[in-house]
Amino acid sequence: MLFNSVTFLLFFIYILIVHYSKLPWSIKKGHLLFGSYVFYAAWNPPFVILLFLSTFVDWNLAKKIHACQSDKHRKYWLWLSLIFNLGLLSVFKYSGFILENFESVLTGIGLDMTFSDPGFILPMGISFYTFQTLSYTIDIYYKKIKPHHGFLDYALFVSFFPQLVAGPIVRAKTFLPQLKNQNRITFDVFSTGISLFIVGIFTKTVLADAFFAPFVNTVFVDNAQPDLLSSWLAGLFFYGQIFCDFAGYSLCAIGAALCLGFTLPFNFNSPFAAIGFSDFWRRWHISLSSWLRDYLYIPLGGNRLGSFNTFRNLMITMLLGGLWHGAAWTFVIWGGLHGFYLMAERWLKSLFAPSAFFKLKIMQFIFMLITFFCVMLAFVLFRAENVPQALSLVMGMLSMQESQALIKWDLWTQIVVVSFITLFFFQWMTKNKDIDVVLIKMPVIVRSVVLSLALILIALSSGDSDAFIYFQF
Amino acid sequence: MHSSISNSKNSNKSWVYTWLLVIILCVSCLGAYEYSLKKQGFEASITHTKDLWSWHRGQVYHDKQVVLLGASRSQINIDMGYLNNRFPSFAVTQLSINGNYPVATLKALAKDEKFTGIVIVSMNAQVLESKYLDMQNAYNTYYQEESTLYKSLDAYLTASIDSHFRFLHPSLGLEELVKHYDKKKSFPDVFYTTANLDQSITTDYSKTDTVALLKHFVTSKEKNYVNDPPTQSELWKPNIKILNIAVKKINNRGGKVIFVRFPTDKGHWELDEQYYPRQLYWKKLEQEPLLNTLHFKDIKGLDKFDLPDSSHLDSKDAQAFTRILFDQIILDE
């Protein structure tokens, strides 16, 4: 079910009516769980079995891990959880990719063998909920939490509909305690939730879908040779599109959860304004980057084992982070590029001692611009269907090819460019503030005008609407 | 996180004022825009999508079911409201698709064992040309393979809302307005066609330049016939077998299929006769024992309607047209 659909609106109103009724909390939680499964089944009903299976297996494995006294046996159950979850991901997400590459390797060594594509449908949100359930078993293994909650609470933690299919990836220790008692939902909190939802829908349907996506789709096509303007605009607008698409979804999720009395962590914090790549990853898809940090980078040794090992750990983490996004080499290269950025940043920081000069506002702005353009360049790979398509766009950015003017510099393009620049400076101005704080602190008149404008533009941007990009991951 | 929320000192009052102002601003801005569109003569019109079509496709299993197949002529000339009033015990579903000939949908209905209804197919000789047989395949494949209850229900609910508000039409949205203004320095022209929730289309030719439209239609048709010349009638005839197979399957389940040749006029009919003479093509359909056919030239009154663009009726005539046509197609109550 898409947040930007009439069906979701009706579904959510129904959920709210039951949630605000005088029914006992346990019934309401059961109802939320049922609603979450309906929400998931709307996309493809049979896959709720997979969701349930993932929940059931990890719930039981976590109990086994907790019950074991011997470290060896604890490790054994943890490995089983890892194999089960990563196995699910491998089968549904990577089997085609693995077979295709295995076939290429065999062809390379002269063995002409072909394998048919298994043709599995990728279950929506599988990358998100498997990581969520994995974090539960790993946290129990490291004794960070105890499996003291009931199965239904745990199932709701895995399937809670606002964040089920595209995050934020929530940790058990932050979500499960919220299920003990129903939080009192004041009108302030409810209003903030609705406002975040409206801003999220605006970000997705107006900025991502109506403003940026059409330009991006025009340029990122096979055999296109975009000119200087088209290449730069497509690169910049895709960065805008993917941010607005994903951050929009996250805001909707956070807003919807807030209306139900649950707080979810923010997933984005003005990533355009990041100064440096480690800062970027503290601001972009925060729930994934912190997951990778806590459950991959640090267990690999983090930065504790010398420069070489730190660089190796960074690269492994980012390569796997890239692969998490999709079964294609472009995602792997995207991850590798970010690994390289992080290594380069670390190396440069070791060469230059921190000085007041680097902290000058103008220098900070320059560093931000450098970060912004490097990240934008990496996103070209992320969006491209293959490496030659990405290279063609980069060649276009450097004016190094016979080119086509795929984007015209007309009034609509100018409006979208102004919107992009506004978004950029908005992030720069609010880089250290959460969007809910910005909304709450606005004078009533300004807040009303902002929300009204968002709603009016949503109404005037109806038409073709794309599914959220991150659903495919 | 959200510490700001839990510690918020913002009174409920400020949010009450916020929402009141939001309602006032949105209602007044969108209301004013809607009113101005109404004043200019715009009607609320929806977008016919594959998901909405799939919704209607899923509704063809009523005990007494009539399904309308074809392209724009069937969507425009048949008055759905009149049919529903005249045959209240029948469920009438419009599955015609603008610009797409209907053989693929007829075949899909024939293949669907659950379907037992009456099918009225808008037909002409060109429909049976091999290159036009699969025109509606994309819709049928989508219905079979990609459509879900959620998607089609959502399309129906969205279209239900769109059918009430003019400003929700994509052509009257921000992007199209800006692009139109940039190109022509004016507001978009009033639509002379309105796409309805039930897949039908309403036309009002008083809102457009009919002379230019007529010229456009006839010229386009001529170009189409020149670019895709007809297959010789003897080579064309084997494709009738496709209809026979489909009709036989539907008849065997208690259903019925009627092929109707809708009227054309003002140069268009002459072109049709020049390229697909009735005696050489349509006659072959009439001679098939399994096929029920109705030709507008054979039904008194049906060829007397004005067709402003040479191919479609103005909606003010659709009810009378539908009455005459369905006087011929007796639906057994």
Side-chain angles (χ1 to χ4, degrees), chain A residues 1-2 5-10 41-45 174 183 186-195 198 206 210-211 214 254 258 263-266 410-412 414-416 433-434 436-437 440-445 447-457 459-465, chain B residues 1-30 33-34 46-47 49 146 148-162 165 167-183 185:
Chain A
M1 219 180 274
L2 293 173
S5 68
V6 181
T7 318
F8 177 77
L9 194 66
L10 296 176
W43 165 68
N44 196 337
T174 59
N183 289 328
T186 62
F187 189 63
D188 280 3
V189 172
F190 184 81
S191 296
T192 309
I194 294 288
S195 307
I198 291 171
V206 179
F211 281 32
I254 292 163
L258 207 53
T263 51
L264 302 181
F266 275 117
D410 56 15
L411 182 60
W412 179 246
Q414 289 159 28
I415 288 174
V416 177
K433 291 173 190 158
D434 286 338
D436 58 344
V437 180
I440 287 166
K441 291 199 172 164
M442 275 179 183
V444 171
I445 296 278
R447 187 164 65 199
S448 308
V449 170
V450 167
L451 291 173
S452 303
L453 206 60
L455 285 168
I456 290 166
L457 287 172
L460 295 182
S461 299
S462 62
D464 289 344
S465 186
Chain B
M1 70 137 260
H2 297 305
S3 57
S4 54
I5 294 171
S6 46
N7 300 329
S8 171
K9 299 243 165 62
N10 264 16
S11 66
N12 286 351
K13 244 185 188 173
S14 81
W15 277 107
V16 171
Y17 289 141
T18 300
W19 294 123
L20 276 175
L21 265 172
V22 166
I23 291 167
I24 291 167
L25 283 170
C26 287
V27 169
S28 49
C29 288
L30 293 174
Y33 185 39
E34 176 73 6
I46 66 160
T47 309
T49 61
E146 290 180 57
T148 61
L149 176 65
Y150 159 67
K151 281 184 185 174
S152 52
L153 174 66
D154 193 61
Y156 183 77
L157 292 172
T158 306
S160 303
I161 295 172
D162 290 353
F165 299 101
F167 65 81
L168 290 176
H169 194 278
S171 299
L172 300 170
L174 183 67
E175 181 182 351
E176 288 307 315
L177 287 186
V178 170
K179 283 182 174 171
H180 196 276
Y181 177 79
D182 195 23
K183 214 172 170 184
K185 301 285 176 263

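Naming convention: chains lettered A, B, ... in sequence-line order (proteins, then strands); numbering from 1 in each chain.
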When rounded to the nearest 0.5 angstrom, what is the spacing between [atom1] in [X] and [atom2] in [Y]?
X	Y	atom1	atom2	answer
A:F187	B:K13	CZ	NZ	13.5 Å
B:H180	A:L411	NE2	CG	13.5 Å
B:L168	A:L460	CG	CG	8.0 Å

Legend entry - Residue pair B:L174, A:F211: steps toward the side chain to side chain contact (heavy atoms under 4.5 Å, CB included) verdict: CA-CA 10 Å; B:L174 183 67; A:F211 281 32; 4.0 Å; yes
Legend entry - Partner of B:T18 by side-chain contact (heavy atoms from CB on, under 4.5 Å), out of A:V450, A:V449, A:L451, A:I445: A:L451
Could you look at [X] and say if it's the side chain, the backbone, both or neither that has a heavy atom under 4.5 Å from chain B?
X	result
A:S195	both
A:L9	neither
A:L10	side chain

Legend entry - Contact leader toward chain A among B:L20, B:L172, B:L157, where contacts are heavy-atom pairs under 4.5 Å: B:L157
Inset, instruction - Considering only heavy atoms and a distance below 4.5 Å, find which of B:T49, B:L21, B:D182 pairs most often with chain A. - result: B:D182
Inset, instruction - Name the option with the most non-hydrogen atom pairs under 4.5 Å to chain B; the candidates are A:S5, A:S191, A:A41, A:P214. - result: A:S191
Inset, instruction - Can you see which heavy atom on B:S14 is nearest to which on A:R447, and at what distance? - result: OG-NH2, 3.2 Å
Inset, instruction - Measure across A:S448 and B:L25 and return the closest heavy-atom pair with its distance rounded to 0.1 Å. - result: O-CD1, 4.1 Å
Legend entry - Under 4.5 Å from any heavy atom of chain A - which part of B:I161: side chain
Legend entry - Residue B:F165 versus chain A: region with a heavy atom under 4.5 Å: neither
Inset, instruction - Would you kindly say whether A:W43 and B:T148 are connected by a side-chain donor-acceptor distance under 3.5 Å? - result: no
Inset, instruction - Start with the C-alpha gap between B:Y33 and A:I456, add the side-chain angles, then the distance that decides, and say whether side chain to side chain contact (heavy atoms under 4.5 Å, CB included) holds. - result: CA-CA 11 Å; B:Y33 185 39; A:I456 290 166; over 6 Å; no
Inset, instruction - Using atom types as modelled and distance alone, determine if a side-chain donor or acceptor of B:Y150 lies under 3.5 Å from a backbone N or O of A:L2. - result: yes
Legend entry - N/O donor-acceptor pair under 3.5 Å between B:D154 side chain and A:T7 backbone: yes
Inset, instruction - Could you please spell out the steps behind the side chain to side chain contact (heavy atoms under 4.5 Å, CB included) verdict for A:V444 and B:W15? - result: CA-CA 8 Å; A:V444 171; B:W15 277 107; over 6 Å; no
